[in-house]
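Throughout, protein chains are lettered first and strands after them, A, B, ... in sequence-line order, and every chain is numbered starting at 1.
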Amino acid sequence: MFDLRDRGYRSPFEQLVASLISARTRDETTLVVSERLFAVARTPDAMAELPEERLIALLRGATFPEPKARDILALSRRILDEHHGSVPGTPDALMTFHGVGPKIAALTLAVGFGIPALAVDIHVHRIVNRWGYVAARTPERTMTALLGVLPRHYWVEINERLVPFGKWVCTGERPHCSTCPLRDLCERVGVTESR
DNA sequence: AAAACGGGGGC
DNA sequence: GCCCCAGTTTT
């Protein structure tokens with residue numbers, strides 16, 4: 001998902017919604033659409049009262065505005081009905097919402113609540129494999145491996161620092177090794193892609 | 001584990 | 001027209 005904390009305090013609910021909007025969506029788009037939406041509705045109550053057509057219009061520009069509008073409306077109502085209006089603070093509860101899977105759940109917990117949670121997306125998977133610390137074919141297996149090795153204290157850091165690092169520096173194609181602050185690390189562990 | 005799903009923006 | 005995008009759901 002999407003870390004909005006550098007734009008002022010954001011509630012777990014806003015973090016959850018922004019995370020849902022960010023699925024398969026570029027960061028800049030997520031930011032613009034989220035801000036536009038939160039200017040109108042920033043709580044489950046306000047969100048649940050939004051007519052679906054209005055919400056779809058507010059989400060225009062994001063990917064899949066219609067399915068996301070339905071998901072956001074449905075989870076807002078369920079937060080009101082089943083959770084006293086507060087976003088639940090466990091992965092299992094979060095993943096019962098349609099459209100919320102392991103990554104959105106983990107990032108909502110990590111960024112929204114500050115609870116240790118690990119979401120190994122494609123970027124973290126690539127970096128860890130590149131470094132050779134874990135030889136895992138899928139992000140799921142990389143996550144399992146990291147959960148067994150990494151102190152909980154660092155899980156939040158991975159979500160908030162390593163993912164952006166993978167997006168902007170340790171990219172899939174043409175990694176920016178010449179300006180990478182961790183180039184020495186790569187050379188130490190013998191990563192030959194370093195350029 | 002792999003395919004399907006849902007689309008908007010950039011080149 | 002083609003491809004990517006802080007993913008989730010269904011085969």
Trainee: Starting at atom NZ of K103(A), determine the distance to atom C1' of dT8(C), rounded to an integer number of angstrom.
Mentor: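 Going from NZ in K103(A) over to C1' in dT8(C) covers 9 Å.
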Trainee: Rounded to the nearest 0.5 Å, what separates atom CG in D71(A) from atom CD in E66(A)?
Mentor: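 The distance works out to 12.0 Å.
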Trainee: Do side-chain atoms of K103(A) reach the backbone of A119(A) as a donor and acceptor pair under 3.5 angstrom?
Mentor: no
Trainee: Does V128(A) share a hydrophobic cluster with L185(A), counting links as ILVMFWY side-chain heavy atoms below 4.5 Å and allowing steps through other members?
Mentor: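 Same hydrophobic cluster.
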Trainee: Using whole Å, report how far CE of M95(A) lies from P of dG7(C).
Mentor: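 After rounding, the gap between these two atoms is 16 Å.
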Trainee: Just how far is it from atom CD1 of I56(A) to atom CD of E53(A), taken to the nearest 0.5 Å?
Mentor: 4.5 Å
Trainee: Given atom CG of L20(A) and atom C1' of dA6(C), what is their separation to the nearest angstrom?
Mentor: 12 Å
Trainee: How about Y154(A): does its OH atom have over 12 heavy atoms from other parts shown lying under 6.0 Å from it?
Mentor: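 Atom OH in Y154(A) is not crowded, with 12 or fewer foreign heavy atoms closer than 6.0 Å.
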Trainee: Taking any atom closer than 4.0 angstrom to a non-hydrogen atom of chain A, what span of DNA chain B does the protein reach, first nucleotide to last?
Mentor: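 Taking any atom under 4.0 Å from a heavy atom of chain A, the span is dA1(B) to dG9(B).
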Trainee: T63(A) has a side chain; which of dA6(C), dC5(C), dT8(C) sits nearest to it?
Mentor: dC5(C)
Trainee: Check the distance between dC4(C)'s P and R26(A)'s CZ and give it to me in whole angstrom.
Mentor: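 Atom CZ in R26(A) sits about 10 Å away from atom P in dC4(C).
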Trainee: What integer distance in Å separates D121(A):CG from dC4(C):P?
Mentor: 16 Å
Trainee: As an exercise, state the distance from CZ of F64(A) to CZ of R70(A), rounded to the nearest 0.5 Å.
Mentor: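 One finds 12.0 Å between CZ of F64(A) and CZ of R70(A).
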Trainee: Set out, in order, the CA-CA distance, both residues' side-chain angles and the distance that settles salt bridge (charged side-chain N to carboxylate O under 4.0 Å, His left out) for E35(A) and R10(A), then state yes or no.
Mentor: CA-CA 11 Å; E35(A) 292 297 291; R10(A) 296 295 169 171; 3.1 Å; yes
Trainee: Treat a base pair as Watson-Crick or G-U wobble with both distances under 3.5 Å, then lay out DNA chain B in dot-bracket form, 5' to 3', with | for cross-strand pairs.
Mentor: |||||.|||||
Trainee: May I have the distance from H123(A) (atom NE2) to dC4(C) (atom C1'), rounded to whole angstrom?
Mentor: 10 Å
Trainee: Heavy atoms under 4.0 Å, any strand shown: does A62(A) hit a base, just sugar-phosphate, or nothing?
Mentor: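 It contacts sugar-phosphate atoms only.
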Trainee: Kindly compute the distance separating CZ (F97(A)) from CD1 (I104(A)), expressed to the nearest 0.5 Å.
Mentor: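 Between atom CZ of F97(A) and atom CD1 of I104(A) there are 12.0 Å.
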Trainee: Do the side-chain N or O atoms of K167(A) get closer than 4.0 angstrom to the phosphate oxygens (OP1, OP2) of dA6(C)?
Mentor: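 Answer is yes, contact under 4.0 Å.
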Trainee: Remember a base hit wins even if backbone is also touched, and classify T138(A) as base, sugar-phosphate or nothing at under 4.0 Å, heavy atoms.
Mentor: sugar-phosphate
Trainee: When the distance from CD1 of I122(A) to C1' of dC4(C) is rounded to whole Å, what number comes out?
Mentor: 13 Å
Trainee: To the nearest 0.5 Å, tell me how far E52(A) CD sits from L50(A) CG.
Mentor: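 So the gap between those two atoms works out to 10.5 Å.
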Trainee: With P as the reference atom in both, quote the distance from dA4(B) to dA6(C) in angstrom, rounded to an integer.
Mentor: 23 Å
Trainee: For N159(A) and dA6(C), give me the distance from atom CG to atom C1', rounded to whole Å.
Mentor: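 The distance from CG of N159(A) to C1' of dA6(C) comes to 10 Å, rounded to the nearest Å.
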